[in-house]
K.L.:
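Have a look at this one before I ask anything.
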Amino acid sequence: MTCSSDSSRKGNAMKPVLLIAGLFLFCTGLVVGYWFADADRRPLRAAGGGSDPVGGDGGDRRRGGVAGRRSGTPGPLGGDRSAGRDPSGRPDIEEGDRWKPRPAAEALKDLQDALASGDREAAHEALHHLSRPEAGSLSSEQLRELGSLLRGTDRDYIHGISRALVISGGKEGLAMVMDFVDDPEQPLEVRRHALDGLSDLPRQKVAEVFPALAGFLESRPPHELEHAAAHAMARMQGEQGVDALLGLLQERPGIRPEVIFDTVGDVGKSGDMDALLGFLAEGGNQSETASILRAASRISAREGDTQMLLDMLRETPDGISREMIARAISESSHELGTGFLSEALREVAGDRRAQECLADALSRTGGREALEALVEAARGPEGGLDPGVLARALQHFRGSDAVPFMMDLFQASGDEEMLHSLARGILRNGDAGTTSDLLALLGEGDARRRRAIADALEEGSSSVLSQDLLLSMIRGEKDHEVAMALARSLSRLHPQALAEQAGALFDGASSAAERIAFAHILEKQQPAGAQERIARQLQRETDERAQWELARMLGRFGPSGVEQAAEILRGEQDEGKRHSMLWGLEAAGRHEGAPVRDLLLEVASTDPAPSLRFQAAEIMARQHDPSLIPDLEALLASETHPEVQERIRAAIHDLQHLQQR
């Protein structure tokens, strides 16, 4: 009993030992197996340098490369190991040999074969070999074959072909590239790729290519190609790129300075700033100055060195305004950040135009931090932000954070410009509840606020501003401006909804403002009978603004509308109404021409009221038509009223002056 118990205990004690030993042997076997399997691969990795020249997926992906593509019966690497040669008769290229230098002529043949078969990897590999200086040169015939591939070849290869032409063909190859770049029949994007291919040439080729690209810039090519060429020139010069570009402005006066400055802004460093800003003292034109300032702002933003920009705002260079500096800063606002923009805004206190640029940049930056910076600039004594500038910036602000502040400012402000900006900003950024709050003010606010809201509704949403809601707001409206704005919103948001009822709405209008609003819809849609409806109303209209609007609308219907308005004017006894109608037709006459001209001559010569004849002569002067001079001279000869005579003489003088210019 005791022995049996001991034996059982010993057996149980051995089980963990055996388990650990088995696990050790299993792991050892895995390691040894992996080592032997890896031994077959190590020579290939050693020959290949342990890196992937094409990049990305390592050696396994590449084994369908050159050797595999040349095989008939795939061997371990995809090659034909039984034959030892590929179908072209060349020895197989092992994986480790694929990136050894190959003759340019051989690489060209590989490129042509790869393009013919659609093998993109092989094509890029062949271009890699063609672009290596040690591959040697191509003959003139071979260069022409390579150059022909620029046209009609996938744009992905253009960069490599361009580079290969210069490296394997020197000046002859470069001439082919530049001929291609100059070819207007080729797409701009493809030509830009060809220029990009010249940016990373070997040092010995730069001396040939740089002057050629400078000459290309002097030819004033399209802007996309200008910038591509300038960038290529900067990159090929390496650390001296900025100096080389700026030096061109002295050596090559035919080059557009803006493209040089813009490129310096893209590639320059803090150490290039003095050389760049030195050109401000040379007094270039406004476009060149703006380019320099933009470049300086981009470099400052990229390098994190913004003190220079603040110093320039504090003490502007000769001939440079704060607005110009602020505009350049605004164009780099996303890189410069909210904190810097806030500080810059404080530096331009009292300069409204500069404030506009920087406040707009803050509004485009968005977010609560930018909003707080704008509000602080408006409230704080240091900021001194103009209220109108603030309103416009808030109008363009993106995000709901600003809406409560804009609502408070809208209710407190009396400035018409601010009210219009704020109303648009509230509608753009607010929700349906905000729109309802604004519409409530439309029913109870003063005229300036009501007009601002009505104008802003044109940018509203049709889902919130339904047809019925807009109609209810127009009905009974007494303010002409509000009614017209609501009608414009109705026409824009619901263009087809009123096609059948526009005439009835016009006939049933209860106020002049309402009639003008529905007449606007009739003018836009021009349903059957619209012209006759407007003419009938014009005959009995007593409101001066409505008389002007209805006469203008009739004139816009064309010669028949002008003639209808003329008949009403001839029969009208009220002198004031005739004035209103004539001014309305003058507005239409800017579009209709001769029919209104004939009516003006008629009024100027036959109307019994001197004030109408005076008005007709004034309108003729506004026609800017020197052919009216003989008619005016004839009118002057028959006119007896001194003031009308003087007005006709002034009209003749104005048209003669226009004729002499």
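What you are looking at is a predicted structure, and each value in this text was computed from that prediction instead of being measured. Worth knowing before you read on, the calculation uses all heavy atoms, side chains too, and leaves out hydrogens, waters and symmetry mates.
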K.L.:
Check Ala135 against His129 and note the closest heavy-atom contact, atom names and distance.
P.N.:
CB-O, 3.3 Å

K.L.:
Could you pull out the closest heavy-atom pair between Leu394 and Ala402, with the gap in Å?
P.N.:
CD2-CB, 4.3 Å

K.L.:
CG/Leu225 to CD/Glu189 distance, rounded to the nearest 0.5 angstrom?
P.N.:
9.5 Å

K.L.:
Donor-acceptor pair, Arg298 side chain versus Glu335 backbone, under 3.5 Å?
P.N.:
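Looks like no, no N/O pair under 3.5 Å.
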
K.L.:
Determine, stepwise, if the pair Arg552 / Glu523 fulfils side-chain contact (heavy atoms from CB on, under 4.5 Å).
P.N.:
CA-CA 10 Å; Arg552 181 192 62 79; Glu523 180 188 8; 3.2 Å; yes

K.L.:
Any side-chain heavy-atom pair from Ile167 and Arg132 closer than 4.5 angstrom?
P.N.:
no

K.L.:
Would you check if Ile299 and Val264 make a side-chain contact, meaning some heavy-atom pair closer than 4.5 Å?
P.N.:
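Counting from C-beta outward, Ile299 and Val264 do come under 4.5 Å.
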
K.L.:
Could I get the full list of salt bridge (charged side-chain N to carboxylate O under 4.0 Å, His left out) partners for Arg492, not counting sequence neighbours?
P.N.:
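Applying salt bridge (charged side-chain N to carboxylate O under 4.0 Å, His left out) to Arg492 gives none.
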
K.L.:
Checking Arg352 now: which residues fulfil side chain to side chain contact (heavy atoms under 4.5 Å, CB included) with it, not counting sequence neighbours?
P.N.:
Glu356, Asp386, Val389, Arg392, Glu417

K.L.:
Start with the C-alpha gap between Leu293 and Leu280, add the side-chain angles, then the distance that decides, and say whether side-chain contact (heavy atoms from CB on, under 4.5 Å) holds.
P.N.:
CA-CA 9 Å; Leu293 294 172; Leu280 289 176; 4.3 Å; yes

K.L.:
Do you know the tightest heavy-atom contact between Leu201 and Val206?
P.N.:
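Shortest heavy-atom separation between Leu201 and Val206 comes out as O-CG2, 4.3 Å.
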
K.L.:
Taking C-beta and beyond as the side chain, do Lys205 and Glu208 meet within less than 4.5 Å on heavy atoms?
P.N.:
yes

K.L.:
Got a second to check how far Arg252's CZ is from Leu245's CG, nearest 0.5 Å?
P.N.:
12.5 Å

K.L.:
What are the two closest heavy atoms between Ala393 and Ser363, and how far apart are they?
P.N.:
O-CB, 3.1 Å

K.L.:
What ring pair (Phe, Tyr, Trp, His ring centres under 6.0 Å) pairs are there with at least one residue in residues 287-340, not counting sequence neighbours?
P.N.:
none

K.L.:
Are the side chain of Ser489 and the backbone N or O of Ala485 linked by a donor-acceptor pair below 3.5 Å?
P.N.:
yes

K.L.:
Has Asp272 got a side-chain atom pairing as donor or acceptor with Lys269's backbone, closer than 3.5 angstrom?
P.N.:
yes

K.L.:
Flag yes if more than 12 heavy atoms outside Glu239 fall under 6.0 Å of its CD atom; otherwise flag no.
P.N.:
no

K.L.:
Among all residues two or more places apart in sequence or in another chain, which pass the side-chain hydrogen bond (donor to acceptor under 3.5 Å, both in side chains) test with Arg191?
P.N.:
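Testing Arg191 for side-chain hydrogen bond (donor to acceptor under 3.5 Å, both in side chains), a comparison that skips the adjacent residues, returns none.
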
K.L.:
Say whether, by atom type as modelled, one donor and one acceptor occur between the side chain of Glu172 and the main chain of Gly169 under 3.5 angstrom.
P.N.:
no

K.L.:
About how many Å separate CG of Asn429 and CZ of Arg424, when rounded to the nearest 0.5 Å?
P.N.:
13.5 Å

K.L.:
Does Ser162 use its side chain to pair, donor to acceptor, with the backbone of Ile158 at less than 3.5 Å?
P.N.:
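Looks like no, no N/O pair under 3.5 Å.
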
K.L.:
Among pairs that include at least one residue of residues 195-247, which meet ring pair (Phe, Tyr, Trp, His ring centres under 6.0 Å), considering only residues two or more places apart or in two chains?
P.N.:
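Output for this query is empty, none listed.
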
K.L.:
What ring pair (Phe, Tyr, Trp, His ring centres under 6.0 Å) pairs are there with at least one residue in residues 241-290, not counting sequence neighbours?
P.N.:
Phe261-Phe279

K.L.:
Check whether any side-chain N or O of Ser168 sits under 3.5 Å from a backbone N or O of Ser137 as a donor-acceptor pair, and report yes or no.
P.N.:
no

K.L.:
Tell me the closest heavy-atom pair linking Leu248 and Ala214, and the distance in Å.
P.N.:
CD2-CB, 4.0 Å

K.L.:
Is a side-chain donor or acceptor of Thr289 paired with a backbone partner of Asn285 at a separation under 3.5 angstrom?
P.N.:
yes

K.L.:
Could you give me the CA-CA distance, side-chain angles and deciding distance for Glu347 and Leu358, then say whether side-chain contact (heavy atoms from CB on, under 4.5 Å) is met?
P.N.:
CA-CA 10 Å; Glu347 295 294 340; Leu358 296 172; over 6 Å; no

K.L.:
Going by the rule salt bridge (charged side-chain N to carboxylate O under 4.0 Å, His left out), which residues pair with Arg428 if we only count those two or more places apart in sequence or in a different chain?
P.N.:
Glu459

K.L.:
Which residue pairs pass the ring pair (Phe, Tyr, Trp, His ring centres under 6.0 Å) test with at least one member in residues 165-208, sequence neighbours excluded?
P.N.:
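Ring pair (Phe, Tyr, Trp, His ring centres under 6.0 Å) check on residues 165-208 returns no pairs.
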
K.L.:
Sequence neighbours excluded, which residues qualify as salt bridge (charged side-chain N to carboxylate O under 4.0 Å, His left out) partners of Asp196?
P.N.:
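Asp196 satisfies salt bridge (charged side-chain N to carboxylate O under 4.0 Å, His left out) with Arg192, Arg235 once adjacent residues are dropped.
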
K.L.:
Within the supplied structure, the quantity of interest is the number of heavy atoms (other residues, nucleotides, ligands) at a distance under 6.0 Å from Gln204 CD; does it exceed 12?
P.N.:
yes

K.L.:
How far does CZ of Arg364 sit from CD of Glu331, to the nearest 0.5 angstrom?
P.N.:
8.5 Å

K.L.:
Is the side chain of Ser332 donor-acceptor paired with the backbone N or O of Ile329 at a distance under 3.5 Å, no angle test?
P.N.:
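Judged by distance alone, no pair lies under 3.5 Å.
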
K.L.:
Between Arg488 and Ser491, is there a side-chain donor-acceptor contact under 3.5 Å, judged purely by atom types and distance?
P.N.:
no

K.L.:
Do you know which two heavy atoms are closest between Arg302 and Gly268, and how far apart they sit?
P.N.:
NH2-O, 2.7 Å

K.L.:
If you apply the rule side-chain contact (heavy atoms from CB on, under 4.5 Å), what do you find for Thr263 with Met233, and how did you get there?
P.N.:
CA-CA 10 Å; Thr263 305; Met233 295 168 77; over 6 Å; no

K.L.:
Name all residues meeting the side-chain hydrogen bond (donor to acceptor under 3.5 Å, both in side chains) criterion together with Glu145; count only those two or more places apart in sequence or in a different chain, and write none if there are none.
P.N.:
Gln112

K.L.:
So, using salt bridge (charged side-chain N to carboxylate O under 4.0 Å, His left out) as the criterion, who are the partners of Arg353 when residues are at least two apart?
P.N.:
none

K.L.:
Evaluate whether atom CD of Glu134 has more than 12 neighbouring non-hydrogen atoms of other residues, nucleotides or ligands under 6.0 angstrom away.
P.N.:
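Yes, the 6.0 Å shell around CD holds more than 12 heavy atoms from other groups.
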
K.L.:
Check residues 317-328 and write down every donor-acceptor pair under 3.5 Å in which the side-chain atom is one partner and the other belongs to a residue at least two apart or another chain.
P.N.:
residue : atom : partner : partner atom : Å
Ser321  : OG   : Met324  : N            : 3.2
Arg322  : NE   : Leu313  : O            : 2.6
Arg322  : NH2  : Leu313  : O            : 3.1
Arg322  : NH2  : Arg314  : O            : 3.1
Glu323  : OE2  : Arg327  : NH2          : 2.6

K.L.:
Do the non-hydrogen side-chain atoms of Leu213 and Met236 ever get within less than 4.5 Å of each other?
P.N.:
yes

K.L.:
Between atom CG of Leu341 and atom CG of Leu362, what is the distance when rounded to the nearest 0.5 Å?
P.N.:
4.5 Å

K.L.:
Measuring from atom CG of Leu427 to atom CG of Asp455, what distance do you get when rounded to the nearest 0.5 angstrom?
P.N.:
11.0 Å

K.L.:
Under a 3.5 Å cutoff, is there a donor and acceptor pairing between the side chains of Ser291 and Arg256?
P.N.:
no

